[in-house]
There are 2 protein chains.
Amino acid sequence: MIRCIKCEQVHAITKSGVVHGRQRYYCKDCRIYFSLPESDPSPSPSHTGPHHSATILDIARALNISKSTVSRALQGHKDIKEETRAAVLEMASRLDYQPNLLAKSLVRSKTFTIGIIVPEFMNYFFPTVIIGAQEIASAAGYTVMICQSQESVATEIANTRALLASRVDGVLISMTRETEDFDHFRVFGRHGIPVVFFNRVCETIESSRVYVNDYEGAFSAVEHLIEKGYRRIAHLGGPPNLQLSQNRLNGYSDALKRHGLPLQPELIVRYDLQPENARLCAARLLDLPQRPDAIFCLNDPAAIQALLLAKERGINVPGDLGLVGFSDDPISSIIDPHLTTVRQPVGDMGKIAMQILLEQVEKGIGNYVPEHKTLPTHLVVRESSSGPTGHPR
Amino acid sequence: MIRCIKCEQVHAITKSGVVHGRQRYYCKDCRIYFSLPESDPSPSPSHTGPHHSATILDIARALNISKSTVSRALQGHKDIKEETRAAVLEMASRLDYQPNLLAKSLVRSKTFTIGIIVPEFMNYFFPTVIIGAQEIASAAGYTVMICQSQESVATEIANTRALLASRVDGVLISMTRETEDFDHFRVFGRHGIPVVFFNRVCETIESSRVYVNDYEGAFSAVEHLIEKGYRRIAHLGGPPNLQLSQNRLNGYSDALKRHGLPLQPELIVRYDLQPENARLCAARLLDLPQRPDAIFCLNDPAAIQALLLAKERGINVPGDLGLVGFSDDPISSIIDPHLTTVRQPVGDMGKIAMQILLEQVEKGIGNYVPEHKTLPTHLVVRESSSGPTGHPR
DNA sequence: AAATCTACCGGGAACGTTTGCGGTATCGTT
DNA sequence: AACGATACCGCAAACGTTCCCGGTAGATTT
């Protein structure tokens, strides 16, 4: 006892397969498909109706023209009379037509979406990058698809597959803290999809990269501590497989060398980017028989953990312990004492990375050379490093 | 002078259209399509190759079987001999086959992706919700597509269109601070796409909603301030079009009434959720001829701005000014003094919202009733509200 | 020996677009 | 009067899947 949703007739209805749990029907008179929930024999009026969204074919039939014409009218092709176009547009909005990107992308083999893989977005850094990137992308008519690997290679691999399956036109990647094998990234190259790495870059893959000058940032931070009178400066570093922790470590040690200070291995600890472990590592440093009088931390979250721990233990910052972080997290200017840090242009990093990526997407793979962009850093001096007590400068 | 990328022959090649700027060719011998960048006549070897990703048809041809069989083998259909399936799998990985979700979704009219629209993700709240939601979604085999409206209705509307065009199976929405007209949300209903609102819900649209008990949270916060001895309690509230600011305001005033305190209009200010304006509004309260001795703030970011301003002006918190926020932002337990706040189960909100949504997606529209879920809040008492000086309790 | 069943596979339509090519009016030009 | 140009539109193939329907070969039952 199925009636057509349009002509309300019963006789011209035939079944037309089941799609995902609901019976589809076809009315021969109206030449229209529709479906009704089959578990509910008498659906409430508010939920009845054509769940089958309108297509260009529906518009075409309603106007007695061909779907080619509708398609062309919709995309502003010049071959279409102004009159017809107006009619199409009018009917499109009447039928609540929404173009099906899946179909469009399928035939044009271009999706106008960019994939982004980040390890997390709990902290300040990655959301800010993403916002910058998204701004550029949507200005260029692209949408983004954000994946978070949650610092796990397994889900990172899953993410690459998902993006590949969705046929994104390009991807932006900042890898996991534990990524050591990069094979899963190569698949993009094999499929002609440009990628650009940012922040946590991959050096063994031929691709564009954008990052800040970690070495210089670290160098200036440590030099600043030295100038303020700190002498036993420790480093709370990051995992060795990340290039940036290596660079910051190098900046640290070179600054020490430059000023004739010894490089003491026990003053260097590395944490795996988990906040809890930053705290643990800071504790290791503070528990040292000969305590450091300053710590240069890999990033602000780590510095904040160190600061909190110091406060708990009654260690005066900056009097007994100088602290400087990296990346200028907003919390750093709120916490007491305010944290000295190395500011990096976070939003710009997203923008620039996306700009480079989109350029390469438009050019097509093989028609561009990978680009390596280094962004400047800038030391922001605040209270946490104003010099040890008894050594005012 | 085009050679087949497989057999390296020249004679059997015919042109086969141009897709998006690159000429496509067809080798009659190998029955294979491929394309070369036409702007670069002699591409470097590293970038040469079949940009045309392998399809099930390629696998089928290589194995001399039909694409139906390949499809079935790939999805684990029982009709396929173990031997054939193994061969297909092997060939698939040899050809670096990646399924094309666009095509699959097109025919099944199901994308297994959920859209999420949030106003921003700079603060702690929304990223945390998203993480929770994503966890549930990916466990169920869905991927999410995150859009941020940036607190602008215009981009919110653009977001709905994008999600609609991408044919998401369902959407999670927390609306803009300025959304007053909800028509652009109705299109989901018309297209049979279930939506669930969270946090900033929409009451005029028939749909599921999940939020916290804002009224009770606010009530207990204000009651707490009263019990601690504060008497002139102000409220730094939010925009009136958001239900949650209304509810928190009601909790605030009812708590005052309950304890026989007068409701004074000049003690109620509302900000538009921009941090700068939170500061301005806090200033308005602190500039009052008769200054409030406590402020109950709409959320933690606002409370933090108030706290910073008070510190700048030398107003002692909690001695001269009690403060309590809402949502337990991590900064709140870092800032000095630590901020009393109403904790809400943020991650759970995402999880629950996604669970409800997925249920409705699976059931299909019309086969479920909208669900309204209120989550409990919990007052976290810290230093910022420990009582005015001279009124210790 | 015929009939039925099972296991496996292929043909082909369908999903909703885009787009090259061909067709038909209409109009102006020789 | 014939021809070419122009403006507009339709046909049909293609994109890469899924899945219904049918077919064949061998095994089992009657």
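Within every chain, numbering begins at 1; the chains are lettered A, B, ... in the order of the sequence lines, protein sequences first and strands thereafter. Remember, it's a predicted structure, so these values are computed and weren't measured experimentally.
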Return the value, rounded to whole Å, for the distance between atom [atom1] of [X] and atom [atom2] of [N].
{"X": "B/L106", "N": "C/dA13", "atom1": "CG", "atom2": "P", "answer": "17 Å"}
{"X": "B/N64", "N": "C/dC9", "atom1": "CG", "atom2": "C1'", "answer": "13 Å"}
{"X": "A/R61", "N": "D/dG10", "atom1": "CZ", "atom2": "P", "answer": "14 Å"}
{"X": "B/I65", "N": "D/dG23", "atom1": "CD1", "atom2": "P", "answer": "22 Å"}
{"X": "B/K110", "N": "C/dA14", "atom1": "NZ", "atom2": "P", "answer": "24 Å"}
{"X": "A/K104", "N": "C/dT17", "atom1": "NZ", "atom2": "C1'", "answer": "9 Å"}
{"X": "A/I56", "N": "C/dT18", "atom1": "CD1", "atom2": "C1'", "answer": "8 Å"}
{"X": "A/K67", "N": "D/dC11", "atom1": "NZ", "atom2": "P", "answer": "10 Å"}

- Would you please confirm or rule out a distance under 4.0 Å between OP1 or OP2 of C/dG16 and any side-chain N or O of A/T55?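 No, outside the criterion.
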- Does C/dC9 have OP1 or OP2 sitting under 4.0 Å from an N or O in the side chain of B/S66?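 The answer is no; no side-chain N or O of B/S66 sits under 4.0 Å from OP1 or OP2.
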Go through the side-chain N and O atoms of [X] and [Y] and say whether any donor and acceptor fall under 3.5 Å apart.
{"X": "B/Q75", "Y": "B/S71", "result": "yes"}
{"X": "A/S53", "Y": "A/Q98", "result": "no"}
{"X": "B/T69", "Y": "B/S66", "result": "yes"}

- Inspect the contact between B/R72 and B/D79 and indicate whether a charged nitrogen and a carboxylate oxygen are less than 4.0 angstrom apart.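 Salt bridge absent between B/D79 and B/R72.
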Side chain of [X]: nearest nucleotide among [options]?
{"X": "A/S71", "options": "C/dG10, C/dC15, C/dT19", "answer": "C/dT19"}
{"X": "B/T69", "options": "C/dG16, C/dG10, D/dT18", "answer": "C/dG10"}
{"X": "B/S68", "options": "C/dG12, C/dG16, D/dG10", "answer": "C/dG12"}

- Task: Looking at every strand, decide which applies to A/L102 at a 4.0 Å heavy-atom threshold: base, sugar-phosphate, or nothing.
- Result: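 Counting heavy atoms under 4.0 Å across all strands, no contact is made by A/L102.
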- With sugar-phosphate meaning primed atoms plus P, OP1 and OP2, does A/L57 contact a base, only sugar-phosphate, or nothing at under 4.0 Å between heavy atoms?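 Touches nothing.
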- List in numerical order all residues of residues 72-90 of chain B for which some heavy atom is under 4.0 Å away from an atom belonging to DNA chain D.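 Contacts with DNA chain D under 4.0 Å: B/R72, B/Q75.
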- Would you say the side-chain atoms of B/S166 pair up with the backbone N or O of B/A162, donor to acceptor, closer than 3.5 Å?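 Yes.
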- Passes side chain to side chain contact (heavy atoms under 4.5 Å, CB included), A/V361 versus A/Y142? Steps please. CA-CA 11 Å; A/V361 167; A/Y142 286 77; 3.6 Å; yes
- Query: Under 30°, 30 to 60°, or over 60°: which ring-plane class applies to A/F185 and A/F197, parallel, tilted or perpendicular?
  - Reply: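 Perpendicular: the ring planes of A/F185 and A/F197 meet at over 60°.
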